[in-house]
*Asks:* 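Structure in structure tokens, see below.
Proteins come first, then strands; the chains are lettered A, B, ... in the order of their sequence lines, and each starts at number 1. As the structure is a computational prediction, the values presented were derived from the model and not from experiment.
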Amino acid sequence: MCALELGFITGAEKRTCLARHNYIGMTHLLIGLLCESGSASISELENLRVDPGIINKADQPERDKELWDKIIALIDKANKRRTVESEASASNLVVAKRNVKHIVSSSTKAPVENALFDGSSLPMMDKNIGNHVIPQDETIKDNSNVIQLKNHPSPFIKIPSWASLHPSPSSSSSMPGQHQNGRLESVHLLSLANHGRFNEAREFLDLMDSSGISIKRHVYQSLFTACGISKSINDGRFFHNHMMKKIGSKDLNTSIADCLLKMYVRCLGFDDAYRVFHKMSNKMLSSWNIMISGFVHNGHLQEALDLFLRMKDEGFDPDMKIFACLLLGCTIDLNVDIGKQIHSYMVKIGFSNDISIDTELVNMYAKCGYLDSSALVLDHMVERNATSWTSLMVGYTQASRQFEALVLFKHMMLENTELDPFVFSIVLKACSESGNWKAGKQIHGCIIKLGMDSDVSAGTPIVDFYVNDGNILEAQNAFDRISQPNEVAWSAIIAGYSQLGRHEECFRMFKFLRSRNITLNSFIYSSLFQASSALTDSSSGSQLHADAIKRCLISNLVGDSALVTMYARCGDMQYAQKAFELIAEPDTVAWTAIITGCSYHGQASEALDFFDMMISCNVKPNAITFIGLLNACSHTGLVSLAKEYLDSMYVGYGVEATVDHYNCMVDVYCRAGQLEAAYELISSGSFKPDSMSWKILLSGCTTYRNMGLGKIAGENLLRLDPNDTAAYILIFNMYTGAGRWEEAAFVRKMMNERGIRKEVSCSWITVRGTIHRFIVGDKHHPLTKHIYFKLHELERLVMLSESQVSTNEDVSIIHKQRMEQLLDHSERLAIAFGLMSLPTRCPITVFKNLRVCNDCHSFTKMVSKVTGRDIIVRDSNRFHHFRGGRCSCDDYW
DNA sequence: ATAGGGTTAG
């Protein structure tokens with residue numbers, strides 16, 4: 001009760017409680033009187049979303065002066081006819097000074113649509129009182145923040161007992177006409193129920209009982225409706241019991257019983273509903289309808305059908321509604337057999353040419369995948385509307401027959417069907433799924449011509465269409481045209497930014513949404529988790545996670561899988577595992593996420609274990625699962641196991657192996673140094689090698705210095721992809737690694753001629769919330785001097801430690817030369833900076849955009865040994881955990 | 001009555 005919280009009414013707690021009823025009662029009194037004077041019907045009031053019209057009238061006394069006079073006269077009359085009530089009622093109108101001031105000075109119109117007990121409407125009623133009853137100049141004696149209305153006693157000060165619920169013997173006998181119907185109390189009771197305040201409503205009903213005030217049947221009816229809307233079955237049962245006690249079951253008329261049925265059905269209390277239904281001696285078609293539709297809407301098609309048959313047995317003729325309902329049931333249940341029977345039955349009894357029934361049929365057949373039947377029904381319809389067409393179009397797109405959906409759209413346009421926004425969402429989907437960008441743009445034009453692009457239902461699919469086309473600018477434009485974007489529109493644009501790699505933009509939008517208190521949903525969070533993992537921003541990621549938990553917005557699977565990936569990609573496998581373990585029933589994607597996560601961290605045996613668990617949980621792996629598995633094998637040199645997995649893919653799990661899988665296998669061989677086997681597989685004809693296949697082989701040849709194969713691989717690679725930067729770099733590295741300077745120089749020249757530049761390598765590290773970024777030879781950092789000093793110090797330490805191992809002077813000289821060459825690689829700068837700025841026990845986590853080079857990898861291993869620090873490096877490929885001179889990748893990287 | 005937004009890979 002806002003009025004109380006605002007300090008409208010003062011007094012001890014018990015009294016305020018009482019006063020509350022009186023205060024509300026008083027408000028009702030006004031309404032009741034208005035009602036009696038004929039300007040509003042009681043049924044309107046009993047709904048107690050108070051008709052704004054009533055209040056408006058009260059708000060404009062000039063227009064309804066007569067009415068107001070009448071009210072005041074009536075109240076006065078009522079006052080005279082009863083003795084002055086206790087102080088309790090007097091205290092009702094003790095009004096806080098602040099509020100009166102506010103009321104008097106306020107010229108703004110309070111929003112009338114607000115529900116009566118919303119608080120906001122109460123001051124408004126006061127305002128009316130202030131304007132019309134209490135002249136503004138007559139104020140008010142200050143009495144320690146509490147003011148009493150003084151000179152001009154409001155007519156409301158003396159509240160009639162019949163409005164205050166105080167059992168007053170005099171009133172019940174002397175005013176039977178007023179007390180009789182308990183109308184005001186009923187209105188109050190209903191208003192409580194309509195606001196979902198059932199506990200108070202029940203208390204109030206008790207109070208009414210003890211005051212001897214009864215309620216009428218239609219009030220019960222409204223109570224049941226309120227319980228149904230709030231899905232409060234227990235309160236529904238309470239009022240039901242109350243009614244049975246007061247009225248008894250014999251007198252139940254059909255409309256009350258129907259209300260009861262509706263309430264129980266809405267609350268999913270089918271047993272209760274059945275009990276009522278069985279006892280009904282006067283069932284009508286509507287009663288059957290309620291029951292059947294209740295079962296249908298909650299997925300109990302069989303029960304609905306049983307009832308339908310019984311209904312026919314009892315001699316009722318089914319109407320359209322029931323047929324539409326049963327067909328909907330078949331659609332939900334995807335039960336085309338029953339659907340067909342109902343269809344034939346309707347034909348048999350001569351139901352035809354009804355647009356809504358036929359549309360329901362089109363929809364039913366389409367959803368069940370019976371597209372020909374669906375098309376047939378649509379064809380035979382005398383008149384079709386947008387819904388009928390849309391239903392079949394959905395069927396076509398779901399069956400990957402996008403082209404036919406588009407043809408259908410054309411027919412629909414030719415027939416001059418009146419379009420609605422829903423049509424576009426399916427047509428645009430058909431366009432983007434079939435890559436028909438041109439048609440999609442034409443349809444976009446059509447939407448603009450119709451002036452529907454500002455409609456969220458048409459605008460959102462446009463956004464989605466351009467996202468799929470990879471055109472975020474157009475998507476953003478389309479989004480900007482939507483006049484009232486809803487959460488679906490927001491999630492579409494955020495997902496677009498996330499999918500197209502504009503991750504920072506996702507966060508920007510998210511912050512905006514939060515600052516505006518716009519509804520968020522689990523779709524948005526899923527995209528944001530994805531953005532966090534792409535940015536390897538675990539701090540945003542975990543904050544988002546917490547935020548989503550608070551709002552209960554982690555969708556069961558999709559969001560969870562994204563979370564697992566987020567933690568894994570950010571380097572926290574423990575959290576990734578925890579997130580995974582919390583998933584009640586992981587699906588293929590979730591299992592794949594944890595398997596890939598493990599593989600990303602080089603935890604091959606864990607990855608394989610998860611795969612076994614997945615299989616024993618009867619979850620089917622997909623193509624991506626196998627990529628994760630094969631990668632895990634390749635990172636740990638499990639050659640024969642990888643071969644087994646590759647061979648078992650189709651035979652054991654029905655998943656076709658693609659180039660990607662074969663490339664993984666090529667990678668497995670290459671990393672294990674089995675270059676010939678890799679080459680054999682590429683040349684075997686079991687798959688069509690792409691540039692990636694050769695690139696992997698080339699990379700292997702570089703590592704293992706196999707010039708013969710490397711040349712072949714390089715030639716094939718450049719043949720397939722002459723503009724691939726990485727190809728040139730690889731070939732260049734291969735030659736320099738082997739000391740073949742001439743060839744290396746030739747490659748460099750070729751690169752220059754063809755305008756190919758190496759991507760700048762870049763590493764970054766987060767220290768106390770700030771990201772520090774380094775490129776090769778970077779001297780921009782404010783602490784550059786210290787960083788290089790640290791690097792030299794590290795170098796000395798490493799050399800010292802190396803020389804203990806190797807006494808060979810030549811080796812150490814060569815090593816020293818190379819060390820100097822490579823000293824300013826970006827990851828080294830980041831590591832040195834991390835070592836000087838982070839606390840001693842804190843692991844150093846560095847991110848790099850490209851792959852770590854061989855030298856830096858050994859350098860980092862040594863640094864971890866000589867400093868005793870844990871160093872984690874994430875390169876473009878995976879995570880490396882360095883500790884005590886070893887790396888988690890075991891040099892398979 | 002009809003649809004629309006998200007997740008796993010390199």
*Asks:* Between Phe424(A) and Phe409(A), how do the two ring planes meet: parallel, tilted or perpendicular, split at 30° and 60°?
*Replies:* perpendicular

*Asks:* Classify Val394(A) by what it touches in the nucleic acid, base, sugar-phosphate, or nothing, heavy-atom distance under 4.0 Å.
*Replies:* sugar-phosphate

*Asks:* NA contact type, Arg569(A), heavy-atom cut-off 4.0 Å: base, sugar-phosphate, or nothing?
*Replies:* sugar-phosphate

*Asks:* If the cut-off is 4.0 Å, is Lys429(A) near the phosphate of dA3(B), judged by side-chain N/O to OP1 or OP2?
*Replies:* no

*Asks:* Go through dT2(B), dT8(B), dG6(B) for me and flag the one nearest to the Ala495(A) side chain.
*Replies:* dG6(B)

*Asks:* Charged N to carboxylate O under 4.0 angstrom, Arg508(A) versus Glu505(A)?
*Replies:* yes

*Asks:* For Lys367(A), report the nucleic acid contact type (base, sugar-phosphate, nothing); a contact means any heavy atom under 4.0 Å.
*Replies:* sugar-phosphate

*Asks:* In terms of side-chain heavy atoms of Ser498(A), which of dG10(B), dT7(B), dG4(B) is nearest?
*Replies:* dT7(B)

*Asks:* Got a donor-acceptor pair under 3.5 Å from the side chain of Asp420(A) to the base of dT2(B)?
*Replies:* yes

*Asks:* Which nucleotide, dG6(B), dG10(B), dG4(B), lies nearest any side-chain atom of Asp660(A)?
*Replies:* dG10(B)

*Asks:* May I have the distance from Glu487(A) (atom CD) to dG4(B) (atom P), rounded to whole angstrom?
*Replies:* 16 Å

*Asks:* Return the 5'-most residue of the pair Thr565(A), Pro421(A) with respect to DNA chain B, ranking by each residue's nearest nucleotide.
*Replies:* Pro421(A)

*Asks:* Any N or O donor-acceptor pair linking the side chain of Asp464(A) to the base of dG4(B) at under 3.5 Å?
*Replies:* no

*Asks:* For His503(A), which residues count as a ring pair (Phe, Tyr, Trp, His ring centres under 6.0 Å) partner, sequence neighbours excluded?
*Replies:* none

*Asks:* What I want to find out is whether Asp724(A) reaches Lys695(A) closely enough, with some N-O distance under 4.0 Å, to be called a salt bridge.
*Replies:* yes

*Asks:* Can you tell me if Gln499(A) touches the phosphate of dG5(B), counting only side-chain N or O atoms and a distance under 4.0 Å to OP1 or OP2?
*Replies:* no

*Asks:* What is the distance from CG of Leu408(A) to P of dT2(B), rounded to the nearest Å?
*Replies:* 17 Å

*Asks:* Would you list the atom pairs, donor with acceptor, under 3.5 Å between side chains in residues 530-537 of chain A and any protein atom, with sequence neighbours excluded?
*Replies:*
unit_1    : atom_1 : unit_2    : atom_2 : d
Gln530(A) : OE1    : Ser498(A) : OG     : 2.5
Ser532(A) : OG     : Leu528(A) : O      : 2.9
Ser533(A) : OG     : Phe529(A) : O      : 3.1
Ser533(A) : OG     : Gln530(A) : O      : 2.9
Asp537(A) : OD1    : Ser539(A) : N      : 3.3
Asp537(A) : OD1    : Ser540(A) : N      : 3.1
Asp537(A) : OD1    : Ser540(A) : OG     : 3.3
Asp537(A) : OD2    : Ser540(A) : OG     : 2.5

*Asks:* Nearest to the side chain of Thr592(A), which nucleotide is it out of dT8(B), dA3(B), dA9(B)?
*Replies:* dT8(B)

*Asks:* Grab the CZ-C1' distance between Phe879(A) and dA9(B) for me, whole Å please.
*Replies:* 16 Å

*Asks:* Kindly assign one of parallel, tilted or perpendicular to the pair Trp490(A) and Phe512(A), based on the angle between their ring planes and the thresholds 30° and 60°.
*Replies:* tilted

*Asks:* Using a cut-off of strictly less than 4.0 Å between a heavy atom of the residue and any atom of DNA chain B, enumerate the qualifying residues of residues 522-531 of chain A by number.
*Replies:* Ser522(A), Phe523(A), Ser526(A), Ser527(A), Gln530(A)

*Asks:* Please work out which of the three classes, parallel, tilted or perpendicular, describes the rings of Phe687(A) and Tyr662(A), given edges at 30° and 60°.
*Replies:* parallel

*Asks:* Can you tell me which nucleotide in dG4(B), dG10(B), dG6(B) comes closest to the side chain of Asn486(A)?
*Replies:* dG4(B)

*Asks:* Just the rounded figure in Å: distance from C1' of dT8(B) to CG of Leu629(A).
*Replies:* 13 Å

*Asks:* Whole angstroms only, please: what is the CH2-P distance between Trp490(A) and dG6(B)?
*Replies:* 16 Å

*Asks:* Let me know the distance between OH of Tyr567(A) and P of dT8(B), rounded to the nearest Å.
*Replies:* 15 Å

*Asks:* Please classify the nucleic acid contact of Ile426(A) as base, sugar-phosphate, or nothing, using heavy-atom distances under 4.0 Å.
*Replies:* sugar-phosphate

*Asks:* Please classify the nucleic acid contact of Ser457(A) as base, sugar-phosphate, or nothing, using heavy-atom distances under 4.0 Å.
*Replies:* base

*Asks:* Quickly work out the His503(A) NE2 to dT7(B) P distance and round it to whole Å.
*Replies:* 11 Å

*Asks:* Has the side chain of Ser491(A) got a donor or acceptor that lies under 3.5 Å from a partner of the other kind on the base of dG5(B)?
*Replies:* yes

*Asks:* May I ask you to decide if Tyr466(A)'s main-chain N or O and Asn471(A)'s side chain share a donor-acceptor pair within less than 3.5 Å?
*Replies:* no

*Asks:* Quick one: label Asn663(A) by what it contacts on the DNA or RNA (base, sugar-phosphate, nothing), any heavy atom closer than 4.0 Å.
*Replies:* nothing

*Asks:* Can you tell me if Ser483(A) and Ser454(A) form a side-chain donor-acceptor pair at under 3.5 Å?
*Replies:* no

*Asks:* Under 4.0 angstrom, heavy atoms only, what part of the nucleic acid is Asp587(A) near: base, sugar-phosphate, or nothing?
*Replies:* nothing

*Asks:* Base, sugar-phosphate alone, or nothing: which one does Asp560(A) contact when heavy atoms must sit under 4.0 Å apart?
*Replies:* nothing

*Asks:* Across the strands shown, which category fits Asp690(A) at heavy-atom distances under 4.0 angstrom: base, sugar-phosphate, nothing?
*Replies:* nothing

*Asks:* Rounding to an integer number of Å, can you tell me how far Leu553(A) CG sits from dG5(B) P?
*Replies:* 19 Å

*Asks:* Side chain of Thr596(A): nearest nucleotide among dG6(B), dA1(B), dA9(B)?
*Replies:* dA9(B)

*Asks:* Name the closest nucleotide to the Ser425(A) side chain, picking from dT7(B), dG4(B), dT2(B).
*Replies:* dG4(B)

*Asks:* How about Trp591(A) and Phe611(A): are their ring centroids closer than 6.0 Å?
*Replies:* no

*Asks:* For the side chain of Asn385(A) and the base of dA1(B), is some donor closer than 3.5 Å to an acceptor across the two?
*Replies:* yes

